[in-house]
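Worksheet: the structure to be examined is printed underneath.
Because only heavy atoms are used, hydrogens play no part in the values below, and waters and symmetry mates are left out as well, while side chains stay in. Lettering follows sequence order; numbering is per chain, from 1.
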2 protein chains.
Amino acid sequence: MQWNKLDQEPCSLSRTLSVIGDRWTLLILRDCFRKVRRFDDFQERLGIGRPVLADRLQKLVDNSVLLKAAYQDRPMRYEYRLTQKGLDLYPVIMSMNCWGDRYMPGKKGPPHLYRHVTCGHTFEPVQICSECGEELDPRGVHVEAGPGARDGAPMPVVDPPLKTARQKPKQRLKRRT
Amino acid sequence: MQWNKLDQEPCSLSRTLSVIGDRWTLLILRDCFRKVRRFDDFQERLGIGRPVLADRLQKLVDNSVLLKAAYQDRPMRYEYRLTQKGLDLYPVIMSMNCWGDRYMPGKKGPPHLYRHVTCGHTFEPVQICSECGEELDPRGVHVEAGPGARDGAPMPVVDPPLKTARQKPKQRLKRRT
DNA sequence: GGTATGAGTTCTAAAATAGTACTTGGCCTT
DNA sequence: AAGGCCAAGTACTATTTTAGAACTCATACC
């Protein structure tokens, strides 16, 4: 499978990755959330190559994650701003950040702290169930086929039979740990 | 900047991306959460090239996101399982999934539904503040330098002065159901 | 006129990926 | 014992993507 077919998969993760799943896009978006808006500011802060940056910004605009807004005429100049669609990527960025804080904090601790202005505390993001409010645990979630399961589907959808699950072990499992 | 220097940045998002930020890794992890464990199963379900798959699995093991566990001897064979560190990536995957469900659902709706076994409902993940429990909004979060801000830092840290003028804050938006 | 600015585009070399074929250890069948 | 099969990789080539520097373009400023 090639990268450019990813958005056709019947899987929302694949489709999301087709928009933000390349090497640089999430770093660009992180800077967007920190109010970076202009080409040269992105370029300088990220150390990204200019051609790649141009390409990524264009793709984000094509996908309505960013929009290009003029901030002056005369030399006509544009800046890039998050749309609502882009703002809705905040949980993605925050959950990645949180994981990095937990598992790769460096010697002295996490590089950033996040303060919730409303309540005044530094916090971590926590992911909960929209229905009952309980914190989500992967073991407590069951994946089911949704209405769009076969929209155009070249891919197995939900937990198809794997050899792993079916085969009776030829040899006894050897535990080592 | 090259990709392989990303883990040195004083930013948890960069560091996280140095582990899971390439083309395939998140798709591999998605399948891990669906109980895929063996090389050929990953390869077949993802359509990924075998050399790339081997490389990614190895890197995930090196980073302790997966571990390799023998499931038989005799022909010695191993499978790949999520560690706790890997399981803790669940919010990342779920928040991406949720965004894809919202913005790229296809004609008939989202490809998958997620049922919370504990409460019995299909749900969306919601991200809240660990301190006050309120849903997070990017505009209500302030980023500050943390204790590890300058651990080895070649990069500007928090909101350095930009030429772009600040915007006056606008109205808060309400969460859509 | 000469230089500076911001936002790109062009170009080449290096790196990563796609896709196929081959290898390896051990079992199973004939 | 020979040949085939299986799972898990490696080796190798062709294509695509990225890194990095240099160049363009429109206007402003001195």
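Going from atom CD of A:E44 over to atom P of C:dG6 covers 10 Å, rounded to whole Å.
With axes fitted over five pairs at each extremity, the angle between the ends of the helix from C:dG1-D:dC30 to C:dT30-D:dA1 is 10° (10° resolution).
Listed nucleotides: C:dG6, C:dA16, C:dG8. Nearest to the side chain of A:K68: C:dG8.
Residue pairs meeting the ring pair (Phe, Tyr, Trp, His ring centres under 6.0 Å) criterion with at least one partner in residues 81-110 of chain A, sequence neighbours excluded, are A:F33-A:Y90, A:W99-A:Y103.
For B:Y80 and D:dA7, the shortest distance from a side-chain N or O to OP1 or OP2 is not below 4.0 Å. Not one side-chain nitrogen or oxygen of B:Y78 sits closer than 4.0 Å to the OP1 or OP2 atom of C:dG25.
The ring-ring contact (aromatic ring centres under 6.0 Å, His included) test applied to B:W24 returns no partner, not counting sequence neighbours. Scored by the ring-ring contact (aromatic ring centres under 6.0 Å, His included) test, B:Y114 finds no partners at all (sequence neighbours excluded). Under the ring-ring contact (aromatic ring centres under 6.0 Å, His included) criterion, B:F123 pairs with B:H116, not counting sequence neighbours. In this view, B:R23 satisfies the side chain to side chain donor-acceptor pair (under 3.5 Å) rule with no residue, not counting sequence neighbours. Remark: A:Y78 pairs with no residue by the ring-ring contact (aromatic ring centres under 6.0 Å, His included) rule, at least two apart or across chains.
Between the side chain of B:E135 and the main chain of B:Q127, no donor-acceptor pair closer than 3.5 Å is present.
Among the heavy atoms of the strands lying under 4.0 Å from A:Y71 are primed sugar atoms or P, OP1, OP2 only; no base atom is included.
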### Message
So if I define the base as every atom that isn't primed, P, OP1 or OP2, how would nucleotides 19-29 of chain D read as a B/S/- string at a heavy-atom cutoff under 4.0 Å?
### Response
SBBB----SS-

For residues 62-69 of chain A, dump all side-chain donor-acceptor pairs below 3.5 Å to protein atoms at least two apart in sequence or in another chain.
from, atom 1, to, atom 2, distance (Å)
A:D62, OD1, A:Q58, NE2, 2.8
A:N63, ND2, A:K59, O, 3.0

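With DNA chain C read from its 5' end, the first of the two nearest nucleotides for A:L57 and B:D22 is the one closest to A:L57.
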